[in-house]
Amino acid sequence: MGRRSAAGSGRDVRGREGDEVTGVESAVGRRAGAGPVLLGVRHHGPGSARAVRAALEEVRPRVVLIEGPPEADALIPLAADEEMRPPVALLAHAVDEPGRSAFWPLAGFSPEWVALRWALDHVVPARFIDLPATHTLAWGSKEDDEAPEGEHPPDAEGTADGDTGPGPAGLRIDPLRVLAETAGYDDPERWWEDVVEHRGAGEDVLAPFTALEEAMGALRETYGSGGHDRDLVREAYMRLQVRAAQREFDDGVAVVCGAWHVPALRRKATVAADKALLKGLPKVKTDLTWVPWTHRRLSRSSGYGAGIDSPGWYGHLFSAPDRPVERWLTKVAGLLRAEDRIVSSAHVIEAVRLAETLAAMRGRPLPGLSETTDAVRAVMCEGSDVPLELVRDRLVVGDVLGEVPPSAPAVPLQRDLARLQRRLRLKPEALERELELDLRKENDAARSRLLHRLRLLGIAWGEPAASRGSTGTFRETWRLRWEPELSVRIAEAGVWGTTVLSAATAKAETDAVTAQGLADVTALAEHCLLAELPGALPTVMRILADRAALDTDVGHLAQALPALVRSLRYGDVRGTDTGALAEVAAGLAERVFVGLPPACAALDADAADEMRRHVDAVHQAVGLLGDAPAAGHGRLRGRWQSVLRVLSGRDTVPGVIRGRAVRLLLDDGELAHDEAALLMGLVLSPGTPPADAAAWIEGFVGGGSGGGLLLVHDERLLGLVDAWLTGVPAEAFTDVLPLLRRTFSAYEPGVRRTLGELVRRGPGTGGGATAAGGGTPGFAADLDLVRADAVLPVVRLLLGLDDAHEHTDNDLAGVTG
C-alpha cells in the first residue's frame, strides 16, 4: 500500500499505516522452490522487523528485494557505514526543482532497514523495486496536478488483472483498521500490538506472513485497490522486478514490502499487461541521498502518511524484546526523576503489577502502551495528565535524530554547511534548545552570522528568541531545532551558490531587486548586516537609495527608518562600515520630518492611530541614531523636536497624535511639567469635544508608553484628568468610555490599583507622612529625608558599599539623583 502524503516540503511515498499485513508463502512452498518468498510487513513495525529477520535467517535467500526507489540501489552500501545511525530517510528531489521531493523514512525497527542490514551482513545483493522516483516525482508535477487523486497517469488506463477498482462508493480504506474492526477492536494500534508485536516466535517463522497474506488477500478481493489506484502501477513495476530477479537468481528471491501489495505481487499477470500500465509515465531528472530523520517525524501527528503513534515505544519494543514492560517503566521513572518528581523503585514495581493486571482484565497477551500509560498515570503521576504528557513527548514519541556519514551524496551547499557546523561546534539536534551568543566572542559571532545567513536562505534551523538576560546589542538568543525537511530547504537553496556565504549573498541581491516596498529593502539591509554579507550590501544600498528617493508616502518612509537605524547599531557591534547606511538614514529622516506634519492632518481614527505608531517609531529611531555620528545626530534630534512641537500645537492634527507629541517632548526634557500641564488643561477645557479630549489623553498616557506611572507621580496631571472626566456630560460619556477603557486597561494591575487609591483620596488630601506643603500622600513637593534614610542601608548593601560609612544628605543626593 503506498499512499503518499505531504511531509513538510516533501511527500511521503512509503505507504500508509495498515500496509502491514503479510504475504510470504509457506515454509513448505518455499523449500519446495515454488517461487519468491513474499514477506508482507508493516512499515515501522518492530514485530514485523523481528519476523523479517527470523525469516531471512531461515530462508537464506540469494537476493533481497525491498520496497523503495530503485535509483537508491547505489546508496545501499552506506547502510553498513559505522556513522550511519537510523532513523534516516532516502531523499529524492528533482534536479531542476529541488522543492519537489519525496522521503522514504527508515527507523532502526523498520523491516526494510532490518532487511538491508541482513543483506549487507551476509553479503547478499539487496535491491529496491518500487516505482522509480523519476516517475514518482513527475507524477505529482504541475502538469499532472489537474488529474484527480487516484487516477492513472496518461496512457496507463485500466486495472491490473482481476482488480475491481476502489472499494464501495469509491472510498479509500485503511486495511489495518478494517482487520482490527473485524476482530472486534476499536483501536487498530492495539490490535496490531496484540496479534504481532506481543506475539512470541513460533516454530514456523513464515506462518505469520502466510496468515497476514490471507487476510490481505480477502481485503483485496472485497475492496480491489481500496481507492489507491496508483498502487496498481507501482505493483505492476514491482512484479516486473521480481520476475527479473527470478530469472537471475532462480528461486532464491525474498521480497520485503507492505503487506497490502503481497496479493497483487502473488497474482499472475502477463508481462505485456504490466508494461502497458507503465507506458507513458512522466519523468523528471532526480537525485537521491540519505538524510537524517527523527522519531518525531515518524509520528502520525506530524502529517507523515505512513506514520505511527508511538515511534519511541516501538523502538523500545524492538531493542528490548525481554522484559519490555519493566524496562519501559524504568525509563519513565528515570525521566520523571530528572524532572524533580519523586519516583522510587517501589513506584516502578507497583506500576508493573498494575499494567499486568490491566492487561489480564482486558484480555491482552501482554501489557501494551495503553496499559503502561494507565499505570504510569495512576502510580507515578498521581492521576495527573501533565507529567504524563512529558512522558509521551520525550519517550513515547521521542527526539531521536539519526546520523548520515559524510560520504553520502550531498549538494555542495550541504557539504559547506556541514563543514561550518563542525568548525563552529553546532551539532544539529532534534530536541529544541536555546543558544545564548555573546557577539564579542569570535566563535559566537561566527555562529550568529551562520544562523542569520541560513534564515535569509529560508533554512529555519534557528529562530531568534527574546533573551532572558541582557537586552543589549552584544547578545543574541536563538532557539534551535533541526527538522528533516531542512534537507529539502538546503537543496532548494543550492541554486543560489555552493557555499552558505555565496548563496546568501546572491539571494539577498535578488531579493533586493524584487522587493515590493521600501520597508522590505530596509529590512533586507538589516539582514545583510546581521549576516555580514559585504558583497550584497552595495546592491542593497543602491536599491534602497533609489526606492527612498522615489517613495513619497510618509508612512512608508517612517516604517523603513527604524530598520535602518537598527542596522547601524548592528554594524557597530560587528565592526561593519556603515557610513553609506548612515547617510541614507539621515536623508530618510529629513524627508520624514518634512512630510510628517502635513501627512497628519485630517485623518480618521484608524489612520491617526497608525500614524501615532509611526511617530513612536521615528522618535525611537532618532534616539538610536546617537550611536551613528555620521548621521548628524545632534542636528537630527533638534529637527525632530521642532517637528514634535509643530504636531503638538496644530488643531488640524488628531488629538491622539498631539497628545503623543507632547508626551515625547516631556520625556526628553524639552517640555517642562508646568507647560505640559497647561497644554493638558487647554485640551481638557469645556470647549473641547469629549471625544477629541479622550483621544488626546490616549496619546499622552496610553499606548504602553509608561503613562500610568506618569500620572501616579504627577498629581497635577492626574488631577486634570480626574476633573475633566467627572465633568464630561452624561450624553457624551458613553462615547468616550471605550477609548478611556482601552487606554487605562493597558496599565499594569499595580499601577491601576495605585491610581484608583489616589483618585479615591483626591489630590492634595489625606494624611500620612508628607513633606511640607501637603499633597497626595507619598508624592509631596520635596523629598522626605526621614523615609529615604530608612532604605539607604538596603541600597548600600545591594551596591556593595561600605556599611560603616556614615549616611549623610550627600549620600541621599547621590542615590536619588
Side-chain angles (χ1 to χ4, degrees), residues 2-15 43 65-79 84 88-106 112 116 126-145 147 152-156 230-231 233-238 240-241 244 257 277-293 297 304-306 404-405 407-415 417 458-459 484-496 498 503:
R3 182 180 67 184
R4 294 177 294 167
S5 66
S9 62
R11 293 174 299 107
D12 164 41
V13 292
R14 282 303 312 251
H43 302 309
L65 306 182
I66 302 169
E67 182 183 336
E71 296 97 330
D73 285 352
L75 302 176
I76 289 177
L78 288 173
M84 176 78 87
V88 293
L90 288 168
L91 165 62
H93 66 85
V95 174
D96 297 329
E97 191 180 353
R100 185 171 300 282
S101 59
F103 295 101
W104 286 260
L106 297 172
E112 297 86 349
L116 275 181
R127 299 174 183 174
F128 289 115
I129 62 168
D130 203 349
L131 190 69
T134 185
H135 300 308
T136 300
L137 297 181
W139 208 340
S141 67
K142 295 178 181 178
E143 292 80 4
D144 190 50
D145 283 345
H152 296 296
D155 300 324
R230 289 189 176 184
D231 285 349
V233 181
R234 298 174 57 206
E235 290 159 355
Y237 185 86
M238 286 192 276
L240 292 174
Q241 301 309 302
C257 64
L277 282 173
L278 300 171
K279 183 181 178 181
L281 290 179
K283 293 183 178 181
V284 64
K285 187 177 180 181
T286 60
D287 275 343
L288 277 85
T289 187
W290 290 105
V291 296
W293 203 253
R297 294 299 294 149
Y304 168 50
V404 172
S407 55
V411 296
L413 182 63
Q414 172 69 67
R415 295 194 179 281
L417 175 58
I459 305 171
E485 288 80 3
L486 294 179
S487 299
V488 178
R489 301 275 84 84
I490 294 171
E492 288 180 308
V495 301
W496 298 108
T498 58

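These numbers come from the heavy atoms of this one structure, side chains and all, not from hydrogens, waters or symmetry mates.
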Do L90 and P69 have side chains that approach each other closer than 4.5 Å (heavy atoms only, starting at C-beta)?
yes
Does this structure show an ion pair linking D96 with K285, if we count only N-O contacts that are shorter than 4.0 Å?
no
Pairwise side-chain contact, S407 with L78, heavy-atom cut-off 4.5 Å (strictly under)
yes
What closest approach, in Å, do V284 and A94 show between heavy atoms, and which atom pair accounts for it?
CG2-CB, 3.9 Å
For a quick test of reading the model, state the closest non-hydrogen atom pair linking L288 to T286 and the distance between them.
CD1-OG1, 3.9 Å
Give me the atom names and distance for the closest heavy-atom approach of A503 to A493.
CB-O, 4.2 Å
Rounded to the nearest 0.5 angstrom, the CZ-OG1 distance for R100 and T136 is 12.0 Å
Would you compute the distance between atom CD1 of I129 and atom CD of E235 and round it to the nearest 0.5 angstrom?
10.5 Å
Would you indicate whether the side-chain heavy atoms of V488 and F103 approach each other to under 4.5 Å?
yes
Rounded to the nearest 0.5 Å, what separates atom NZ in K283 from atom CG in L137?
13.5 Å
Backbone N or O of P282 within a donor-acceptor pair of the H135 side chain at under 3.5 Å?
yes
Output for pair (D130 CG, I66 CD1), nearest 0.5 Å, gives 12.0 Å
Specify the closest pair of heavy atoms between I76 and A126, including all atoms of both residues, with the distance to one decimal.
CD1-O, 3.2 Å
Less than 4.5 Å apart, any side-chain heavy atom of P132 and any of L278?
no
Looking at every heavy atom in both L106 and E112, which two are closest together, and how far apart are they?
CD2-CB, 3.6 Å
L91 side chain reached by W290 side chain, heavy atoms, under 4.5 Å:
no
Contact summary for V233 and L277, nearest pair of heavy atoms:
CG1-O, 4.1 Å
Ring centroid separation W104 to F128 under 6.0 Å
no
How about T134 and L281: do any of their side-chain heavy atoms sit closer than 4.5 Å?
no
What's the separation between atom CZ in R415 and atom CD1 in I490, rounded to the nearest 0.5 Å?
12.5 Å
Does any part of the side chain of E492, heavy atoms only, come nearer than 4.5 Å to the side chain of H93, both counted from C-beta?
no
Please round to the nearest 0.5 Å and tell me the distance separating atom CD of Q414 and atom CZ of R489.
13.5 Å
